S.K.: 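Dropping the structure in here first, questions after.
All of these numbers come straight from a predicted model, not from anything done at the bench. We count ligands from 1, going down the list as the structure has it; atoms in each ligand are counted the same way.
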Amino acid sequence: MMDGAADLDGRVIEVQAEALACVDLGALEELRLRWLGKKGEITGLLKSLGALPAEERARRGAAINALRDSATAAWESRKGELERKAEDAALDAGWIDVTAPSGARPAGRLHPITLLLEEVIDHFTGLGFEVATGPEIEDEFHNFDALNIPKDHPARDVWDTFYTDRREIPRTHTSSVQIRAMQTRKPPIRVISPGRVFRNETIDATHHASFNQVEGLLVDRHVTIAHLKHTLETLVAKLMGRKVETRFRPAFYPFVEPGLDLDVQCVFCAGVGCSICKGSGWIELIPGGLVHPKVLDACGLDPDQWQGFAFGMGFDRMVMMRYGIDDIRRLYDGRLQLVRQF
Ligand code: FA5
C-alpha cells in the first residue's frame with residue numbers, strides 16, 4: 001500500500017531528467033502529452049485516487065498535484081530553452097526574418113531573496129523596528145565572547161567557523177549585530193539585521209557555506225518568551241502568506257536562556273517526510289530565546305532593569321519554502337526556477 005507520497009518523489013526527478021533530455025520541441029511536446037495530457041501519467045494517477053481511503057487520498061492528492069506542478073515547471077523551463085536555442089541557430093545560420101514577431105524572452109526579475117527581504121523589512125519597520133547592520137568580517141568578541149561563548153568552549157565548534165590568517169572571522173551568524181546594537185543604542189531597542197553569514201559546512205539541499213540570516217532583537221522592560229513566540233508565529237504566517245504548521249522545541253544557545261527552535265512543517269511533502277526535510281517532516285527555521293543576562297551585562301545593560309528577546313531566522317530556508325525552491329543551491333547557481341508553486 002502507498003504511504004501517500006514516497007513513490008512520487010522519484011517521479012519528480014524522472015520528469016525533470018526527461019525534460020532536460022528533450023533535444024527539440026517535438027520531443028518536448030511528446031513529453032507533455034505523456035505526463036500532462038488527458039491520457040497522461042498524472043491524469044492516470046489522479047484517477048486512481050478514488051479508490052483510496054479519505055485521509056490517504058488527501059495526502060496522495062497533494063503529492064500528485066506537486067508532481068504535476070513540477071512537471072509543468074520542467075516542461076515550461078525546457079520549452080523556453082529550446083525556443084531560444086532555435087532562435088540562436090537561425091541567427092547562426094546567417095538568416096534572420098526581420099519581419100517576424102520577436103520571440104518572448106523572459107523578463108528579468110528581482111531575486112526571491114531580495115523580494116522576501118523587502119517583505120521582512122516592511123513587516124518589522126511597521127512594528128517599530130529599525131534595520132541595523134554589522135561587518136561581515138568580525139572579531140572574536142562580537143561573534144563569540146560577548147555572546148557568552150567562552151574561548152576554547154566546544155560550543156564554538158557548532159558554528160563551523162572559518163578563520164583568516166589574522167584570526168578574523170567571516171561571521172558565522174548575524175547574532176554579532178545584536179551585540180553592536182546593544183553597545184550603541186539605549187533601550188528600548190528594536191532592531192532587525194539581515195545579512196550574509198559563512199560556515200565551513202557540507203553543502204546539501206538545506207545547507208550552504210554562505211547563506212543569509214535575519215537577526216531580530218528587542219530589549220525593553222518585562223519582555224517574556226510569549227512576546228517572542230507571538231512575534232515568530234506572526235512573522236512566519238505573514239511571510240508564507242498562508243497557514244502553515246509550526247512547532248516550538250526547547251533548544252540551547254549560550255546567548256539565550258531559555259532558548260527555542262521554531263520549525264515549520266515541510267511544505268515540499270506536507271509533513272510526510274522527504275529528502276529535503278530528511279524524512280522528519282519539519283524544517284528548522286528560526287532559533288531564538290530571551291537574551292542571556294551575561295550578554296546584556298557584556299553590553300553594559302543592567303539585567304535587573306532590562307530583558308530582551310532575540311532570534312536568528314534561516315532566511316534562505318524561508319525563501320525556499322515561500323517560493324517552492326527545493327534546493328538551497330538553486331538560489332546561488334544562476335539556474336533559478338520555481339519547481340513547485342504552492
Ligand atoms: C544561530 O546561528 C543563532 N545565532 C541563532 C539565534 C539567534 C539563536 C538569536 C538564539 C538567539 P543556527 O546555527 O541554528 O543558530 O542557525 C540559525 C538558522 O540558520 C537555522 O535554524 C537554519 O534555519 C539556518 N541555517 C543554519 N545553518 C545553515 C546552513 N548551513 N545553510 C542554510 N541555512 C542554515
S.K.: Could you list the donor-acceptor pairs under 3.5 angstrom formed between side-chain atoms of residues 291-303 and any protein atom two or more places apart in sequence or on another chain?
M.R.:
{"unit_1": "H292", "atom_1": "ND1", "unit_2": "K294", "atom_2": "N", "d": "3.0"}
{"unit_1": "D302", "atom_1": "OD1", "unit_2": "D304", "atom_2": "N", "d": "2.8"}

S.K.: R322 pairs by side-chain contact (heavy atoms from CB on, under 4.5 Å) with which of V267, L115, L116?
M.R.: L116
S.K.: Is there a donor-acceptor pair under 3.5 Å between the side chain of T231 and the backbone N or O of H227?
M.R.: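 Such a contact is found between T231 side chain and H227 backbone.
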S.K.: Could you state the interatomic distance from CG (D139) to CD1 (I169), rounded to the nearest 0.5 Å?
M.R.: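 One finds 7.5 Å between CG of D139 and CD1 of I169.
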S.K.: Would you list the pairs meeting side chain to side chain donor-acceptor pair (under 3.5 Å) in which at least one residue belongs to residues 265-282, sequence neighbours left out?
M.R.: D204-K278
S.K.: Kindly state each residue pair satisfying ring pair (Phe, Tyr, Trp, His ring centres under 6.0 Å) with at least one member in residues 172-202, sequence neighbours excluded.
M.R.: W159-H173, H173-F255
S.K.: Considering only heavy atoms, which protein residues lie less than 4.0 Å from any atom of ligand 1?
M.R.: W159, H173, S175, Q178, R199, E201, T206, H207, H208, F211, Q213, E215, Y253, F255, V256, E284, L285, P287, G288, A310, F311, G312, G314, R317, I328
